[in-house]
Number of protein chains: 2
Amino acid sequence: MSDKKIQVEEQRFKDYLASRGLKYTPERRTIFWRVFATHKHFEAEDLLLGLRQNHQRVSKATIYRTLTLLVKSGHLREVIFGEKHSHYEHVHANEHHDHLICSGCGKIIEFTDEAIERLQDKVCLRYKFESESHRMQIHGLCADCRK
Amino acid sequence: MSDKKIQVEEQRFKDYLASRGLKYTPERRTIFWRVFATHKHFEAEDLLLGLRQNHQRVSKATIYRTLTLLVKSGHLREVIFGEKHSHYEHVHANEHHDHLICSGCGKIIEFTDEAIERLQDKVCLRYKFESESHRMQIHGLCADCRK
DNA sequence: CTCGATGCAAAGTATTTGCACCTAT
DNA sequence: ATAGGTGCAAATACTTTGCATCGAG
């Protein structure tokens, strides 16, 4: 994502906060920019370490509190990959993807498949179920690890 | 599942244990039968409470240790429904199903869809990925909760 | 009789919360 | 000025582990 686009997102975040009387503090800005500085999935711990290496010290509590806000504001999505802690990824409008998770090297490959999306909608219809979100994960070995 | 079938599974479990020099203790038998006495998804805590109500006291540690064994022996499958703790379900040979999870009442609806399964295989081919297992979950509102 | 199993309590992980002090608005 | 935010340490929730004792094979 370009800096330009990140700034647009940042404004959306500021607006979100302002609209409910919350504040855009230096800590929140620091976390916001670190989160959008990378495009990989990450965990709370990764974020903490990344900030430390940049000599930007923010407490664990604030990181968790801010991640929660970023999920509520629609900037992040929480994903659980069979582990007991959360992973986060950016939300990109109009794009849904699923994951292939390699049990060999831990690599996470994203893919999109329109046909699967449509079939999921059909399943919902069949059960009169109103879908809010969905996720699909395939665990196995990636091409490299199969060799 | 009929008692007859459960006994067959129990034998498989005994064999599994025997084959690696492990023992079929009264505690393990107690847990085994409770696990197969119901067909719903359950959590470690449910199991503990269920046993308590039956005046069968088994320690939490043993429950966790035995659940791990039942997963390894292929009797149970571990599923995570967006919460941070595990849910378990029986493994039935040759049957794979996915889940609709109602965010209103917490109900979990199982469904199978052959077309989706086939498309998942195609995705794996596309990425030269060797699938070991997969799961799909759709979160939303069930028919009852939509009213 | 022996090695694995059990219960308990303590230790781990990942995350949340209470509180006194601080600061963006 | 004041409601909301921060860091810290303690609390929580779920699960695992160390250890002394027990019991299945």
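Residue numbers begin at 1 in each chain, while the letters A, B, ... track the order of the sequences. Quantities reported herein were computed from a predicted structural model and do not represent experimental measurements.
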(message) Regarding C:dG7, can its base be found pairing with the side chain of B:Arg65 as donor and acceptor, where the two atoms are less than 3.5 Å apart?
(response) yes

If you check every side-chain atom of [X], which of [options] has the closest atom?
{"X": "B:His85", "options": "C:dA14, D:dC14, D:dG5", "value": "D:dC14"}
{"X": "A:Lys23", "options": "D:dG7, C:dC3, D:dG5", "value": "D:dG5"}
{"X": "A:Thr62", "options": "D:dT6, C:dT17, C:dG4", "value": "D:dT6"}

Whichever of B:Leu22 and A:Ala44 has the more 5' nearest nucleotide on DNA chain C, that residue is B:Leu22

Between the OG1 atom in A:Thr66 and the CD1 atom in A:Ile31, the distance rounded to the nearest 0.5 Å is 3.5 Å

Between [X] and [Y], is the gap from one ring center to the other below 6.0 Å?
{"X": "B:His39", "Y": "B:His92", "value": "yes"}
{"X": "B:Phe111", "Y": "B:His97", "value": "no"}
{"X": "A:His41", "Y": "A:Tyr88", "value": "no"}

The residue, B:Glu45 or B:Pro26, whose nearest nucleotide of DNA chain D is more 5′ is B:Glu45

- When all nucleic acid strands are considered with a 4.0 Å heavy-atom cut-off, which category describes A:Arg28: base, sugar-phosphate, or nothing? sugar-phosphate

Q. With the threshold set at 4.0 Å, does a side-chain nitrogen-carboxylate oxygen contact exist between B:Arg34 and B:Glu27?
A. no

Side-chain N or O of A:Thr25 versus OP1/OP2 of D:dG4: is the shortest distance under 4.0 Å? no

- Item | Residue-phosphate contact under 4.0 Å: A:Tyr64 side-chain N/O, C:dT15 OP1/OP2 | yes

A:Ile63 atom CD1 is separated from D:dT6 atom P, nearest whole Å, by 11 Å

Here the distance between atom C1' of C:dT13 and atom NE2 of A:His87, to the nearest Å, is 13 Å

### Task
Assess the side chains of B:Gln56 and B:Thr30: does a donor N or O sit below 3.5 Å from an acceptor N or O?
no

Q. Going by atom types only, do B:Gln137 and A:His134 share a side-chain donor-acceptor pair under 3.5 Å?
A. no

So, with a heavy-atom separation below 4.0 Å from DNA chain C, the residues of residues 50-60 of chain A are A:Lys60

